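The structure under discussion appears below in the form of structure tokens.
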Protein chains: 2
Amino acid sequence: MAESSTRTVERALVLLGVVCDAGSLPLADAARESGLSASTALRLLRTLEGTGFVRRDADGGYRPGLRVVQLGAQALGHESLVSLVSPVLDRLVELTGESAYLSVPSHDGAAVYLAMREGTHSVRHTSWVGRSIPLEGTAVGALLGGERPEKGFVAVRDGLQQDVTAIAAPITVGHGEKARVVAVISVIAPSYRMTPDSVAGIGRHVAAEASAVLVGPSGSPEEPDSTRQSDSTGQQDNPEQPRTPEQVRLADTSTAVEEDIA
Amino acid sequence: MAESSTRTVERALVLLGVVCDAGSLPLADAARESGLSASTALRLLRTLEGTGFVRRDADGGYRPGLRVVQLGAQALGHESLVSLVSPVLDRLVELTGESAYLSVPSHDGAAVYLAMREGTHSVRHTSWVGRSIPLEGTAVGALLGGERPEKGFVAVRDGLQQDVTAIAAPITVGHGEKARVVAVISVIAPSYRMTPDSVAGIGRHVAAEASAVLVGPSGSPEEPDSTRQSDSTGQQDNPEQPRTPEQVRLADTSTAVEEDIA
DNA sequence: AGCGTATATTTCACTTATTGAAACCCGCTT
DNA sequence: AAGCGGGTTTCAATAAGTGAAATATACGCT
């Protein structure tokens with residue numbers, strides 16, 4: 001009851017994770033890293049291959065398949081928080097010039113960036129959607145851990161990363177004692193640019209934006225999920241994009257010609 | 001031997017696909033759509049849940065988990081084609097004002113958008129990364145099916161979608177008869193804007209860009225270099241083992257580009 | 001309320017399907 | 001040649017997954 005685990009599936013998923021982490025690796029490594037016998041790993045990788053979750057390259061190595069990309073993009077498209085927060089991130093970048101992120105708690109006790117906008121300064125912080133970040137010693141972690149800062153935001157200088165300052169505020173659902181932090185919005189900037197004043201200024205903006213996300217223009221808070229079926233204009237970005245400034249395109253419903261069909 | 005399938009794993013993956021497609025659905029629907037008994041579906045969904053591949057929302061429905069987003073982003077990051085083609089897509093958008101896409105064949109006999117750039121016209125075509133597109137009646141499909149157009153590009157008006165014209169060119173590897181199409185670059189625009197002349201003009205550009213991708217401006221494929229500011233370090237992704245400091249991403253372009261799925 | 005339907009969850013006997021050691025088959029290096 | 005390391009196949013043991021049925025729960029409907 002408590003633990004209904006299908007060993008086979010679990011193993012296959014671990015294997016998938018290993019392959020995605022590595023980008024490409026031979027069977028032997030995959031088996032070793034996931035603690036499986038070669039024959040078992042081979043069998044599982046083959047079924048993963050048959051379903052498009054992994055594929056093989058010329059050297060025989062295993063690499064992530066397209067199905068992974070596909071499902072990832074779909075999943076991100078269904079994250080309504082992303083579309084809710086997109087304009088907020090845009091605004092923060094505009095106001096501060098620094099990079100802005102949306103993160104949510106992950107299942108393994110860490111957090112994951114779900115959306116991001118790059119800052120406009122030529123020296124700016126850069127990360128990518130899907131990146132996972134620890135909770136210890138980070139502004140995001142503090143908030144997800146339940147911290148409820150006086151002024152509505154937390155600033156951490158040189159926490160996870162040297163020379164980088166993170167300023168974060170929680171998106172909460174519920175009121176009073178029962179409030180729960182469902183996500184965190186943060187602005188991350190090079191520390192050398194952050195004076196106490198600028199931190200305070202950015203903090204005010206972040207806190208204000210974060211607290212307004214679920215309230216909406218009219219006032220009453222709404223549940224964050226509200227997964228509308230249909231095909232919201234999904235978006236997905238490329239984690240590494242040296243040249244192009246804007247990475248995540250937001251759901252621009254304005255006058256785009258259309259989409260759907262499958 | 002020929003088909004080594006791990007039924008359990010296959011079922012779980014189907015289930016994962018169903019959940020990602022739906023965005024959110026109750027157990028009963030998931031079971032029905034994947035042709036499983038309720039108890040089996042429940043068991044499998046639970047293990048998917050335990051590993052973060054799905055999660056449950058307040059209504060008890062199942063929805064894609066963060067692990068999916070995470071792996072998807074990672075996988076996309078390892079796709080060297082994406083980084084090679086990114087500047088090309090930028091250029092096409094700049095030249096034509098229309099949306100530009102990179103697609104590759106998928107394992108199930110369709111194609112998937114791996115990257116895209118939105119056009120600049122206020123009325124423009126919009127799709128998303130991860131979207132899968134059929135081969136029949138599409139420009140992309142024709143090229144992946146082996147068609148080798150005279151002028152280097154294929155244009156299809158009102159194919160998959162009404163009022164939309166697609167202009168596509170193949171990225172091939174190998175020469176002469178042994179050339180294989182590994183990906184397709186396409187520009188997609190509202191048909192009303194497409195005169196024979198503009199189609200020809202865009203086609204020329206697309207064909208030129210596509211044929212140059214794997215050749216590179218100076219002969220060998222080069223990566224747009226990684227002048228990423230700050231770090232983005234602190235790769236504390238998983239409490240597992242030391243991971244590569246700066247993610248190798250772009251390192252494997254030359255060899256990795258050589259193949260696609262099976 | 002009372003009834004009916006539909007879903008969520010648990011149990012459990014039946015085996016089927018997964019497992020890993022060992023054997024085998026490469027291509028390499030010593 | 002012999003040795004070595006990775007990939008692949010075989011195969012018997014048995015661990016592990018399966019689904020029907022029972023139970024619990026939740027939601028309309030008259």
Side-chain angles (χ1 to χ4, degrees), chain A residues 1-19 21-51 53-65 107 223 225-227 229, chain B residues 1-19 21-51 53-65 241 252 255-256 258-259 261-262:
Chain A
M1 49 172 287
E3 279 324 300
S4 53
S5 52
T6 25
R7 191 167 63 139
T8 319
V9 175
E10 265 177 357
R11 289 173 160 189
L13 294 177
V14 168
L15 221 27
L16 180 61
V18 167
V19 170
D21 271 344
S24 171
L25 41 52
L27 171 64
D29 291 357
R32 197 171 316 116
E33 287 203 40
S34 49
L36 297 174
S37 69
S39 48
T40 301
L42 178 64
R43 201 161 357 94
L44 294 180
L45 282 171
R46 283 211 178 124
T47 75
L48 288 173
E49 187 186 356
T51 49
F53 280 80
V54 308
R55 52 181 168 154
R56 315 197 60 172
D57 50 26
D59 337 345
Y62 292 90
R63 48 191 348 228
H107 73 109
E223 263 299 318
D225 50 31
S226 72
T227 306
Q229 290 292 47
Chain B
M1 40 183 77
E3 277 324 299
S4 54
S5 52
T6 327
R7 192 169 61 142
T8 319
V9 175
E10 265 178 356
R11 287 172 160 188
L13 294 177
V14 168
L15 219 27
L16 180 60
V18 167
V19 170
D21 272 342
S24 171
L25 41 53
L27 171 65
D29 291 357
R32 196 173 314 114
E33 286 202 41
S34 49
L36 298 174
S37 70
S39 46
T40 300
L42 179 65
R43 201 161 358 94
L44 294 179
L45 281 172
R46 282 209 177 126
T47 76
L48 288 173
E49 188 187 357
T51 50
F53 280 80
V54 309
R55 55 181 165 153
R56 315 197 59 170
D57 51 23
D59 340 345
Y62 292 90
R63 49 190 345 222
Q241 54 173 184
D252 54 346
T255 54
E258 300 272 319
E259 58 280 320
I261 79 298

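Labels below follow one simple rule: chain letters A, B, ... track the order of the sequence lines, proteins then strands, and each chain is numbered from 1. This is a predicted model, so every value here is computed, not measured.
Going from atom CZ of A:Arg56 over to atom P of D:dG6 covers 15 Å, rounded to whole Å. If you measure from atom CG of B:Leu42 to atom P of C:dT11, you get 12 Å, rounded to the nearest angstrom.
Going from atom CZ of A:Arg55 over to atom OH of A:Tyr62 covers 14.0 Å, rounded to the nearest 0.5 Å. Note that CG of B:Asp29 is 9.5 Å distant from OG of B:Ser24, once rounded to the nearest 0.5 Å.
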Grab the N/O contacts between the protein and nucleotides 23-27 of chain C below 3.5 Å, and write none if there aren't any.
none

Could you list all N or O pairs between the protein and nucleotides 3-7 of chain C that sit under 3.5 Å apart?
from, atom 1, to, atom 2, distance (Å)
C:dT7, OP1, B:Arg32, NH2, 3.3

Under 3.5 Å, which protein N or O atoms sit close to an N or O of nucleotides 12-15 of chain C? Give each pair with its distance.
none

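End-to-end axis angle of the helix from C:dA1-D:dT30 to C:dA23-D:dT8, from C1' rotation axes over five pairs per end: 50° (rounded to 10 degrees).
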B:Leu48/A:Leu13 under side chain to side chain contact (heavy atoms under 4.5 Å, CB included): CA gap, chis, key distance, verdict: CA-CA 8 Å; B:Leu48 288 173; A:Leu13 294 177; 3.7 Å; yes
Stepwise side-chain hydrogen bond (donor to acceptor under 3.5 Å, both in side chains) test for B:Thr47 and A:Thr6: CA-CA 6 Å; B:Thr47 76; A:Thr6 25; 3.2 Å; yes
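Take A:Arg11 and apply the side chain to side chain donor-acceptor pair (under 3.5 Å) test, not counting sequence neighbours, and it matches no residue.
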Protein-to-nucleotide contact annotation, 5' to 3' order, nucleotides 16-23 of chain D [B base; S sugar-phosphate only; - none; under 4.0 Å, heavy atom]: SSBBB---
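What you find for B:Ala31 and B:Ala38 is that their closest heavy atoms are CB-CA, 4.1 Å.
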